[in-house]
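Below, chains carry the letters A, B, ... as their sequence lines are ordered, and counting in each starts from 1.
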Amino acid sequence: MSDQISITLPDGSALQVGKGESVYGIIGKISTALQKAALAAKLGDVTVDLSHPLDESTTLQAVTFDMTEGKEIYWHSASHLMAHAVKRLFPDAKFAIGPAIENGFYYDIDMGAVLSPEDLARIEEMMAKIAAEDIEVRREELPRARAIEIFRDAGEIYKVEMLNEMTDGVVSIYRQGDFYDLCRGPHVPRTSYLKAFKLLSIAGAYWRGSEKNKMLQRIYGIAFPDKKMLNSHLAFLEEAKRRDHRRLGRELDLFSIHDETGAGLVLWHPKGACLKHLIEDFWRKEHFKNGYDLVGTPHIGKSQLWETSGHLDFYNENMYSSMDIDGQPYYVKPMNCPFHIMIYQSKGWSYRELPLRWAELGTVYRYERSGVLHGLLRVRGFTQDDAHIFCRPDQMPDEIDRVLAFCLFMLREFGFKDFKVYLATRPSEKSVGDDSMWQEAVKALEASVRRAGIEYEVDEGGGAFYGPKIDIKIKDILAREWQCSTIQFDFNLPERFDLTYIDSDGKKHRPYMIHRALLGSLERFIGVLVEHYGGKFPVWLAPVQVVIINVSDEEAEAVERLRLLMVEKGLRPDIDRRDETMGYRVRDAIGRKVPYIAVIGKKEVAEGTVSVRRLGENKSNTMKVEELIDMIEDDVRNRR
RNA sequence: GCCCACGUAGCUCAGUCGGUAGAGCAUUUGCAUGGUAAGCAAAAGGUCACCAGUUCAAUUCUGGUCGUGGGCUCCA
């Protein structure tokens, strides 16, 4: 046997090296720059430490920070560094889990002392110190039983719990100086690899995510191989703050939420209500085009309805308590479906009349626990762009296709390109409907998603108890995902209300029922929309499309004439004739993020023109009044 | 609901180691009549979230309530 092995690199070339050479050494033979940047290496699909010795021929790819795997390793190592620092400062701290996440890392820690934001600075300092000590990070493999002993002796109860649930005979721990942690790895080889880091926040988190368990303290942080990258990330977080819909909602005078009216209850100001109505108008128009009929239903209903629907059983904790009307209990609706079903029940249906597509912008009220409320994104009263489709089983695949296409069309018209699709299947616990129905429905959903050519993930067991569903989530500026669209099968309600139609065989059959919301709720959708556009709405959605400014009092009338002309054309102009300098008024209009500013002075009056400045540009163009109107109308037509 | 932090003028924030508070912007009123990102000046504006307690005295300390923020859990 030769003592040489062959290493295949990503570019297809091969490198002959001595047996037992470390990954680090091999990468050094490729390039010293790469050796410096490497955090770990991939042998096929397996990532290993740089110190890992190679005994067999294999493929090898250096893992650097610019790769997803690289960031994960880097952040995971940073979380160990943080834990190390915490242990030095708080020797009694017990560690739970400390993974890398999409943007950084966290560690869940159980400690006697309550951490304050000032402690974060101390921990950061200690991290810098440990990084400067340039301690070697070493992997150690040992029998699980031995690891249990070690962690038990150290009082690390959470690690012991995890170890007890593992089945591997051998586990690995990583040591850096006096600190060690149960960990699969890989990790960076020395603490000095961790250059620039920042601890961002401290929060509570239940052990294993269950509220029955103890609440631990979670510290979030981020780390980068150089200071510049860290700074630009911090700048990004600042930018995200500027785009926060709660801040923009106030600045642009869109909405407010008051202690006096109640948490999670939104008051729409004129500008916000205008935006909402523009979206609703568009929504209605498109629904008619797509073969929907509109229905309308009340905000409250008798308890009997909610008993039949089952909501009082399975949705009770989200419903507000009943009110007494003539001695009868009534409930505010948390969902629109039972009402739509009652419309269905108002007459008999022939198979020829299906499918029925009934849509309603229905406002529902749900009790949400106080801690989850969040601006417009999580509220207690909201308007769903709801619809229910009643169809024959044979129509179902086509209906799913149509809904999905319609949904993607709507989201794209609003400028969303980044969304994630989840296909949620039958939950393992209680659920209704027989297996064949579930399988058929899941198959239809999956086929439809495939046909639409979008990527999706299967959320195994994530369906509702009453049927499988497709959820489409939109990512906000902070990469948080918000569920907007949902397409759900319902095997429950048709059964409970005994829905039927008469088929060609003259017999009663059970229709399929699909719930769907495309935008989800208008509140949440507008919240996401505000952040998506950073408040700079496209012309077709801007509550004010153009601010008309006069240069001096002499043009006051001309400004009003133009306003009236535009209003007649169905545009949304605003005039600013305040007794302020032009510079002030232009600045104000820019601050309000109005897409066009039109200035009228002596010259423009004489020529029938306006001086037009677009938001984001600092030059203006003089054009005929008609040209400006055409431009705006063109923007609206093309939904720009 | 749970953990932590926070709540001072319409907004953004100072401040008071217990003696009832201040700035900038916004508002109002004068003056200035301005050509594309803040003209000048003055005035007005606060039960320091709310309710208790400790104290001669609470916006400040303690407790509770409501609300907000970051998370956890749950969801459109």
Side-chain angles (χ1 to χ4, degrees), chain A residues 106 108 114-120 200-220 241 244 246-247 250-251 253 256-264 315 317-318 334-335 364 366-386 464 471-474 478 480 482-486 488 515-525 527-528 547 549-556 578-591 597-604 611-613 615 617-622:
Chain A
Y106 67 79
D108 283 348
V114 169
L115 285 174
S116 70
E118 294 80 58
D119 290 324
L120 291 187
L200 296 169
S201 64
I202 166 166
Y206 299 107
W207 165 235
R208 309 213 128 162
S210 165
E211 49 189 324
K212 293 192 188 80
N213 290 338
K214 180 162 185 183
M215 182 159 278
L216 311 173
Q217 298 190 65
R218 174 175 296 181
I219 307 176
Y220 284 92
K241 254 192 214 165
D244 191 308
R246 291 163 300 188
R247 177 196 181 112
R250 194 182 329 101
E251 285 174 4
D253 202 12
S256 57
I257 299 171
H258 302 259
D259 292 15
E260 293 88 338
T261 36
Y315 207 69
E317 69 269 27
N318 283 294
M335 292 188 194
V364 298
R366 298 180 184 174
Y367 172 70
E368 297 287 352
R369 297 152 102 192
S370 61
V372 307
L373 300 174
H374 181 93
L376 292 179
L377 298 181
R378 191 77 181 267
V379 293
R380 282 178 173 160
F382 55 98
T383 301
Q384 284 186 308
D385 71 317
D386 206 1
D471 287 335
I472 300 177
K473 299 187 181 184
I474 294 176
L478 284 174
R480 290 179 294 208
W482 290 99
Q483 185 182 330
C484 292
S485 323
T486 185
Q488 312 187 346
H515 306 253
R516 47 111 282 194
L518 306 184
L519 310 179
S521 87
L522 284 156
E523 283 72 10
R524 176 176 292 180
F525 188 74
V528 176
V547 172
I549 294 173
N550 55 322
V551 174
S552 75
D553 278 348
E554 287 170 51
E555 298 88 27
R578 282 179 299 174
D579 201 10
E580 298 284 354
T581 60
M582 267 194 63
Y584 181 90
R585 287 175 290 161
V586 167
R587 182 185 153 87
D588 191 62
I590 291 169
I597 297 170
V599 173
I600 297 182
K602 214 174 255 163
K603 207 172 72 206
E604 287 79 9
S611 166
V612 178
R613 175 180 170 141
L615 184 61
E617 293 177 5
N618 51 8
K619 61 176 194 330
S620 55
N621 284 329
T622 300

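Comparing the C1' positions of B:G19 and B:G34 gives a spacing of 50 Å, expressed to the nearest Å. As rounded to the nearest Å, B:A26 and B:U20 have P atoms that lie 31 Å from one another. Using C1' as the reference atom, B:G71 and B:G63 are 26 Å apart when rounded to the nearest Å. When the P atom is compared between B:A49 and B:C6, the two are found 13 Å apart, to the nearest whole Å. Rounded to the nearest Å, the gap between the C1' atom of B:U29 and that of B:U47 is 28 Å. Taking the C1' atom of each, B:G18 and B:U55 are spaced 9 Å apart, rounded to whole Å. Using atom C1' as the reference point in both B:C3 and B:A9, the two lie 33 Å apart (nearest Å). The separation of B:G70 from B:C11, taken at their C1' atoms, amounts to 22 Å, rounded to a whole angstrom.
Atoms CZ (A:Arg578) and C1' (B:U28) sit 14 Å apart, rounded to a whole Å. In this structure, A:Arg247 atom CZ and B:U12 atom C1' are separated by 9 Å, rounded to whole Å. Atom C1' of nucleotide B:G35 and atom CD of A:Glu604 are separated by 8 Å, given to the nearest angstrom. A:Asp108 has its CG atom 10 Å from the P atom of B:U73, to the nearest Å. Atoms CZ (A:Phe525) and P (B:A76) sit 17 Å apart, rounded to a whole Å. Between the CZ atom of A:Arg208 and the C1' atom of B:U73 there is a distance of 16 Å, rounded to whole Å. For the pair A:Arg378 CZ and B:G71 P, the computed distance is 14 Å after rounding to whole Å. The OH atom of A:Tyr367 sits 13 Å away from the C1' atom of B:U73 (whole-angstrom rounding).
Contact annotation: the side chain of A:Ile472 never approaches that of A:Thr486 to less than 4.5 Å [non-hydrogen atoms, C-beta and beyond]. Residues A:Arg613 and A:Ile590 are in side-chain contact: their nearest non-hydrogen atoms beyond the backbone lie under 4.5 Å apart. Put simply, the side chain of A:Arg218 does not reach to within 4.5 Å of the side chain of A:Ile202, judged on heavy atoms. Under the 4.5 Å side-chain criterion, counting only non-hydrogen atoms from C-beta, A:His515 is not in contact with A:Met335. Looking only at side-chain heavy atoms (C-beta outward), A:Val612 and A:Thr622 stay at 4.5 Å or farther from each other. Annotation: side chain of A:Ile219 is in contact with side chain of A:Leu120 (closest heavy-atom distance under 4.5 Å). The shortest distance between side-chain heavy atoms of A:Val379 and A:Leu373 does not fall below 4.5 Å.
Listed candidates were B:A76, B:G1, B:G35. Nearest to the side chain of A:Val379 is B:A76. You'll find that the side chain of A:Ala263 is closest to B:U68, out of B:G70, B:U73, B:U68.
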Would you tabulate the pairs of protein nitrogen or oxygen atoms and nucleotide nitrogen or oxygen atoms of nucleotides 38-42 of chain B closer than 3.5 angstrom?
{"unit_1": "B:A38", "atom_1": "N7", "unit_2": "A:Arg587", "atom_2": "NH1", "d": "3.3"}
{"unit_1": "B:A38", "atom_1": "N7", "unit_2": "A:Arg587", "atom_2": "NH2", "d": "3.2"}
{"unit_1": "B:A38", "atom_1": "N6", "unit_2": "A:Arg587", "atom_2": "NH2", "d": "2.8"}
{"unit_1": "B:G39", "atom_1": "OP2", "unit_2": "A:Thr581", "atom_2": "OG1", "d": "2.9"}

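Ion pair A:Arg369/A:Glu211 flagged as a salt bridge, since at least one NZ, NE, NH1 or NH2 atom sits closer than 4.0 Å to an Asp/Glu carboxylate oxygen. By the 4.0 Å N-to-carboxylate-O rule, A:Lys602 lies too far from A:Glu555 to be salt-bridged with it. We find that A:Arg578 and A:Asp588 are joined by a salt bridge, their nearest charged nitrogen and carboxylate oxygen being less than 4.0 Å apart.
Taking A:Thr581 as the reference, A:Tyr584 meet the side-chain contact (heavy atoms from CB on, under 4.5 Å) condition, with sequence neighbours excluded. Partners of A:Gln217 according to the side-chain hydrogen bond (donor to acceptor under 3.5 Å, both in side chains) rule, which considers only residues two or more places apart in sequence or in another chain, do not exist here. Partners of A:Arg250 under the salt bridge (Lys or Arg N to Asp or Glu O under 4.0 Å) rule, at least two apart in sequence or in another chain, do not exist in this structure.
Of the side-chain N and O atoms in A:Arg613, none sit less than 4.0 angstrom from OP1 or OP2 of B:G35. When the side-chain nitrogen and oxygen atoms of A:His374 are compared with OP1 and OP2 of B:G70, one or more of them lie within a distance under 4.0 Å. When the side-chain nitrogen and oxygen atoms of A:Tyr315 are compared with OP1 and OP2 of B:A76, none of them lie within a distance under 4.0 Å. One finds a side-chain N or O of A:Gln483 lying less than 4.0 angstrom from the OP1 or OP2 phosphate oxygen of B:A76.
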Pairing pattern in dot-bracket form [Watson-Crick, G-U; both distances under 3.5 Å; | = partner strand] for RNA chain B: (((((((..((((.....[..)))).(((((.......))))).....(((((..]....))))))))))))....
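The residue among A:Glu617 and A:Ser210 whose nearest nucleotide of RNA chain B lies closer to the 5′ end is A:Glu617. Of the residues near RNA chain B, A:Ile590 and A:Thr486, the one whose nearest nucleotide (by heavy atom distance) lies more toward the 5' end is A:Ile590.
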Under 4.0 Å protein heavy-atom contact, by nucleotide of nucleotides 2-11 of chain B - B base, S sugar-phosphate only: BBS------S
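Residue A:Lys603 is in base contact, counting any heavy-atom pair closer than 4.0 Å across all strands shown. Residue-level contact check: A:Glu368 touches the bases, meaning some heavy atom is under 4.0 Å from a base atom. Counting any heavy atom pair closer than 4.0 Å across all strands shown, A:Arg218 reaches sugar-phosphate atoms only and no base atom.
Side-chain atoms of A:Arg246 and base atoms of B:U68 include no donor and acceptor less than 3.5 Å apart.
For A:Arg208 and A:Tyr206, the side-chain atoms include no donor-acceptor pair closer than 3.5 Å.
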